[in-house]
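Protein chains get the first letters and strands the later ones, always in sequence-line order, with residue 1 at the start of each.
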Amino acid sequence: MPELPDVEMLKRSFDATSLHRPIAEVDVRSDAIVERGSAGELAGGLRGRSFEATRRHGKRLFAGLDEGGALALHFGMTGSLRSFESTDDEPRHTRLLLRFERGSHLALVMPRKLGKVGLVDDVDAFLEEQRLGPDALSEAFDDAVFDAALAGRRGSVKAALMNQRLMAGIGNVYSDEILFQAGLHPRTEVPALDADSRRRLFDTLRWVLCTAVDHGADPAELEGSFLLAHRSEGASCPRCDGAIRRIEVSGRGVYYCPACQT
DNA sequence: CCTATAGCCTGACGGC
DNA sequence: TGCCGTCAGGCTATAG
């Protein structure tokens, strides 16, 4: 699930359920997903604290703590958050469980343990250390920055869009969506784009991400003109009704419409 | 700098 | 029903 629009939704639900409540109990169920310190240190650093505000950067979510520092969340391929009241409602595959005072719980649910959680002192320093590019929906990421990110690249446009060091937030699904909306074939190479098409690609990228966020990153809500809900071999193209195809590009499954994307 | 590949993990799904 | 292969919305390390 978790690319930029999805993580934005997770941020909103975090904000709605889990701010300004002292954390009474921390249960780390999987040591494997803890980074920068041990499970014990993570639990110790959270217990008694409360979250004051969250910040999203690309696919990452940071929950700032009342006495400084932040909990950094990375959702991997299958991570999400669930808030619930009764212990009986704890979801399957809970890897980190927080119990707040006054009863409510927050679970980091992650069937495949490909994500990470950890404590960071300073979010900006962490982003720099990880060498993450600008968030793809931030003000700082304008068409000039996009152009600069692509300058001198030899590989595919898709790989560039998904490169978190160039721009943060786009993964396999949304890169497919952007290419579909831009009418570009998934194997299009960066040097094949002139200034005009780069500009159009940038506008498309912003439009796709904004629209996805506005519609709750929900495939059902984006049904109309989006490829998102048609990611299977032979599905019908939402634009031309032709057959969607699946090909392999650098080890990832790519869905596209051979008629619309040339 | 860039690509391709394997690996990390686990579950869902389809075919036999 | 059971077993097996394939696929899955991320990312890193490695080799070329």
| remark: Span of DNA chain B engaged by chain A, first through last nucleotide within the 4.0 Å heavy-atom cut-off, is dC1(B) to dA12(B)

| said: Let's test this: given Watson-Crick or G-U wobble pairing with both distances under 3.5 Å, identify the partner of dG9(C). | reply: none

| query | Under 3.5 Å, is there a donor-acceptor pair linking the side chains of Arg239(A) and Gln181(A)? | reply | yes

| message | Distance check needed: dA8(C) C1' versus Lys113(A) NZ, whole Å only. | response | 18 Å

| Partners passing salt bridge (Lys or Arg N to Asp or Glu O under 4.0 Å) against Arg199(A) (at least two apart in sequence or in another chain) | Asp143(A), Asp203(A)

| said: From CD of Glu233(A) over to C1' of dC7(C), roughly how many Å is that when rounded to an integer? | reply: 13 Å

| With no hydrogens and no angle check, do the side chains of Thr211(A) and Asp214(A) hold a donor and an acceptor under 3.5 Å apart? | no

Using distance only, find each side-chain donor-acceptor pair of residues 103-116 of chain A under 3.5 Å and give its atom names and separation, not counting sequence neighbours.
unit_1    : atom_1 : unit_2    : atom_2 : d
Ser104(A) : OG     : Arg21(A)  : NH1    : 2.8
His105(A) : NE2    : Glu85(A)  : O      : 3.2
His105(A) : NE2    : Gly103(A) : O      : 3.3
Lys116(A) : NZ     : Ala32(A)  : O      : 3.2

| Residue pairs, two or more places apart or on separate chains, that pass side chain to side chain donor-acceptor pair (under 3.5 Å) and touch residues 57-74 of chain A | Arg49(A)-Asp66(A), Arg49(A)-Glu67(A), Ser50(A)-Asp66(A)

| With nearest nucleotides of DNA chain B determined for Val249(A) and Arg154(A) from heavy-atom distances, which residue corresponds to the more 5′ nucleotide? | Arg154(A)

| Donor-acceptor contact below 3.5 Å, side chain Glu25(A) vs main chain Leu97(A) | no

| message | Does Phe141(A) form a ring-ring contact (aromatic ring centres under 6.0 Å, His included) with Phe202(A)? I'd like the steps, not just the answer. | response | CA-CA 10 Å; Phe141(A) 186 62; Phe202(A) 175 75; 5.7 Å; yes

| Annotated protein contacts, base or backbone, on nucleotides 10-16 of chain C with a non-hydrogen cut-off under 4.0 Å, one of B, S, - each | BS-----

| Between atom CG in Leu10(A) and atom P in dG9(C), what is the gap in whole Å? | 17 Å

| request: With P as the reference atom in both, quote the distance from dG14(B) to dG9(C) in angstrom, rounded to an integer. | output: 16 Å

| Residue pairs, two or more places apart or on separate chains, that pass salt bridge (Lys or Arg N to Asp or Glu O under 4.0 Å) and touch residues 166-183 of chain A | Lys158(A)-Asp176(A), Asp176(A)-Arg231(A)

| Does the pair Arg56(A)/Glu8(A) count as a salt bridge with the N-to-O cut at 4.0 Å? | yes

| field | d(CD, Glu248(A); C1', dT6(C)) in whole Å | value | 11 Å

| said: Looking at dC9(B), which nucleotide sits across from it as a Watson-Crick or G-U wobble partner, both distances under 3.5 angstrom, or is there none? | reply: none

